[in-house]
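Please read the structure below before turning to the comments.
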Amino acid sequence: MPYDPRVIEPRWQAYWLENETFRAEIDPSKPKYYVLDMFPYPSGDGLHVGHPEGYTATDILARYKRMCGYSVLHPMGWDAFGLPAEQYAIKTGTHPRVTTRRNIENFKRQIQSLGFSYDWAREIDTTDPGYVKWTQWIFRLLHERGLAYEAEVPVNWCPALGTVLANEEVIDGRSEIGGHPVVRLPMRQWMLRITHYAERLLDDLDELDWPEPIKKQQRDWIGRSEGARVRFAVEGHPGREIEVFTTRPDTLFGATYMVLAPEHPFVDEITTPDRRAAVRAYVDASTRKSERARLAEVKEKTGVDTGARATNPCTGESVPIWIADYVLATYGTGAIMAVPAHDERDYAFARTFGLEIREVVSGGDVSHEAYTGDGIAVRSGLLDGLPTAEAKRRIVAWLTERGAGEGAVTYKLRDWLFSRQRYWGEPFPLLHFDDGTARLLRDDELPLLLPDLDDFRPAEGGGTPLERARDWIETVDPVSGRRARRDPNVMPQWAGSCWYYLRFCDPRNEHVPFSAEAERHWMPVDLYVGGAEHAVLHLLYARFWHKVLYDAGLVHTREPFRKLVNQGMILGYSYRYWDDNLEDDPNATPRCHPSSAVRIEGEHVVATDTGAEVKARWVPLQQVRWGPDRTPLHPTISGLVLEEVVEKMSKSRGNVINPDEVIAEYGADAMRLYEMFIGPLEKAAPWSTDGIQGVHRFLQRTWRLFVDEDREDEPLRDLAPGPGAPPQARLVARTVAGVTGDVEGLAFNTAISKLMVLVRDVAKEAPLARDAAETLLRLLAPFAPHLAEELWRRLGHERSIAYEAWPVADPALLAAETMTLAVQVNGKRRDEIEVPVDASEGAIRAAALAAPNVVRHLEGRTPKKVIVVPGRLVNVVG
RNA sequence: GCCCGGGUGGCGAAACGGGUAGACGCGGGCGACUUAAAAUCGCCUGGCCAUCGGCCUUGCAGGUUCGAGUCCUGCCCCGGGCACCA
């Protein structure tokens, strides 16, 4: 039979499942390796070709490590709470549980059809009551440790989604999901005190083998600033002091006014009667203003004078106190000392309102811009003549001595807003009483499950969906018999993904979230692969929970993920043209234009000939007609040339590739191979329908290397016993060494190219030897496991190839007898020489100078210098 | 605006401490097999000039070096992150 993945792949997938080939077991005699994928949200669209990229990479490594003798933990599960199932429920009335179950089944079928070596006995679903129980248990732990609290905070309210969002989920004043407008509103919410862990979250990044840009993003997000807190007495309000945070205490002598955030608690109290109306109007306006509106006005500073004044602790000078929304209530102390000469924002503000700009650090020209660099302190009393660093030290000591301030560290990181006004999430495991107290549920009361609803919209009057379940919300505490209310909020989707990697260690435990034994054996995760979009969100939250669990003695490592790799996105080719049917009228007969006949004019795109505005249209990949020279053409409009664009796959662009179709046509092994061959794992690259042909041919060629398709009964080819001819054995050894190095370095694309060379050349000169054949299959097994298993079986092996030993290259075979050296004359390659590997430098030099093209290019000159680079080349300078 | 990545053939890419630029694959060309096509196999395929051969070429312009895709300086373009954080 010719190579037919449709027959052999399902057969081996069934074999692996039946035999539990990939069951992970604690085996103290072996080193362990935990290789983890970021588990997916099982969406209704099913898998797209982007998912299997990371999954294939981790699978290759898992299979490789098993063959190297590791006990490998390689699990898969579902991050199954989330918005889409809930929105689908609102539209159709289908319970999210039903949608979720259906989507999981589809995802699982698709993932299994790729032949990944997951231990399915460890499958996790974050919506499963057996999992929710422990997510709630960990929330209780956070609460017990003082890390969960309720607070009335200004939140990011998204009216379209009907919920609040974490700061991290708001991009440019719009929701990350859907791009809906977000406004600031004060609301009572659950918060997690991630800020308590800011320092450790920052410091422990150093020990992690993560991409530097990701670490930097986390460092920037945490945003540590070193400086000082300084207290300014408010005049006429004895005992009242405004505390500010500054990174430049050395500029204190240049503080010519102060600014409070409009939300600052002192505003009402200190505002003078004549300023009250103006201040109140400004505060009202700025609370109503959306984050987006505030952002749009960054260049124009606004603010009002409160009429109050404060005393500069250094100069004793009286300075005015203003309020302005360029000072953020949520950072530092919500108040600043303004030093317009040395801060760009204060400078702009001072210019707008005619406030004094006083230079206290030399080095710039403050008459036309703020000078923010270091310099020598001037007009600063005790600091005069000191460089910036020294001046900072001196003034902090001075302030500390007088009790007017002290050195301080501040972070940009805010506490984590942890409640959502939604249905499909984990309920908070506690009861609220009328007196404002609350009781966390005990172990035997967990999990607290969601009530059933048939309407999942927010309740009337601004309530959450859960408030529709009156008899669930209104209850009686079985412990005290008191009337109680359940919390109407649910946890955000991040909750489940904050600890799933721990549950994978011991997924069916009913008594604890995971046993100490399992955690101690498997943790930390040795390799974690997923998309870079989780750089701050998931990865920061999970690290935070992990540290809390560490402090509680439940895990033994400070960090959960030792090595992190971000796979690049798989992009798609889309095909574009333009028409003037701006209203999308289905009955219109629009004028169509190729991209070569339009131009961009500001925000709009117009046709070059008429100047009429046009709109982009996409032709789905399957409908594109191919002209001569592979020119993409519109399927029906003759002569309309389409523009090929590489972009993110999306339904609207018609460039989505369905893995099911790829597998049906080429098989899972080809799909796996192509996903890896397309380029380096970390890099984004477009999926090419032609490209997969190349790896498919490689698999067919491999098949024919073993199976004689020309004969009627298609037998296995005769294999020469033993290691084969020396050149063959050397090629095999070189490939073993190369592929091993590439796999260790996650360079799967080059590993595959080396396998291609091996298959191409291994039987070129001599018939295939048995040792070479078996080594080839073992090298291929992690990449194309179905084909490798099938041929391994046909070679007469009873057991799966999955636990065969990974081959080791014989060093004797790696060493060649002669080597070819390039010879350059004045840096340009002119000839090459063949010399024994152990040739002396003198012999190499002589051979190089004797090479015909070298003689010719030297034109009789005596070489000034001959550089011999061992094993590489010779450069003759003359 | 600031901070990260990244620019190498028609395309995806390779080149691991500066040492033969373009491995491997796609696409393309030529040939073999075939009544024919597909499949398969073999050869060629960075550009320019050419008889031997030579010149140019890793976004652009410089520099260091016997030698630069790789190191340094300045600039251009693309992708991502942050965005009044005092």
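Order of the sequence lines fixes the chain letters, A, B, ..., with proteins taken first and strands second; residue numbering starts at 1 for each chain.
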Rounded distance in Å between the P positions of B:C43 and B:G62: 42 Å
Assigned partner base of B:G25, Watson-Crick or wobble definition, under 3.5 Å: B:C11
Pairwise P distance for B:A83 and B:A61, with rounding to whole Å: 38 Å
Nearest-angstrom distance, P atom, B:G74 to B:G5: 16 Å
Ion pair check, A:Lys301 and A:Asp346, cut-off under 4.0 Å: no
Any N/O donor-acceptor pair, A:Lys301 side-chain to B:C84 base, under 3.5 Å: yes
Gap in Å between the two P atoms, one belonging to B:C66 and one to B:C16, rounded: 23 Å
C1' spacing across the pair B:A21 / B:G81, given as an integer number of angstrom: 33 Å
Basic-acidic side-chain contact under 4.0 Å: A:Lys215, A:Glu212: yes
Sugar-phosphate only, base, or nothing, as touched by A:Arg856 at under 4.0 Å among non-hydrogen atoms: sugar-phosphate
B:G79 versus B:A15 - spacing of their P atoms, nearest Å: 26 Å
A:Glu643 and A:Ser595: side chain donor to acceptor below 3.5 Å: yes
Rounded C1' spacing from B:G28 to B:A36 in Å: 23 Å
Given RNA chain B, 5'-ward residue of the pair A:Thr820 and A:Val877, judged by closest heavy atom: A:Thr820
base_contact_polar (B:C66 base, A:Asn875 side chain, donor-acceptor, <3.5 Å): yes
Between A:Thr330 and A:Arg414, a side-chain donor and acceptor under 3.5 Å: yes
Atom C1', compared across B:C56 and B:G9: separation rounded to whole Å: 14 Å
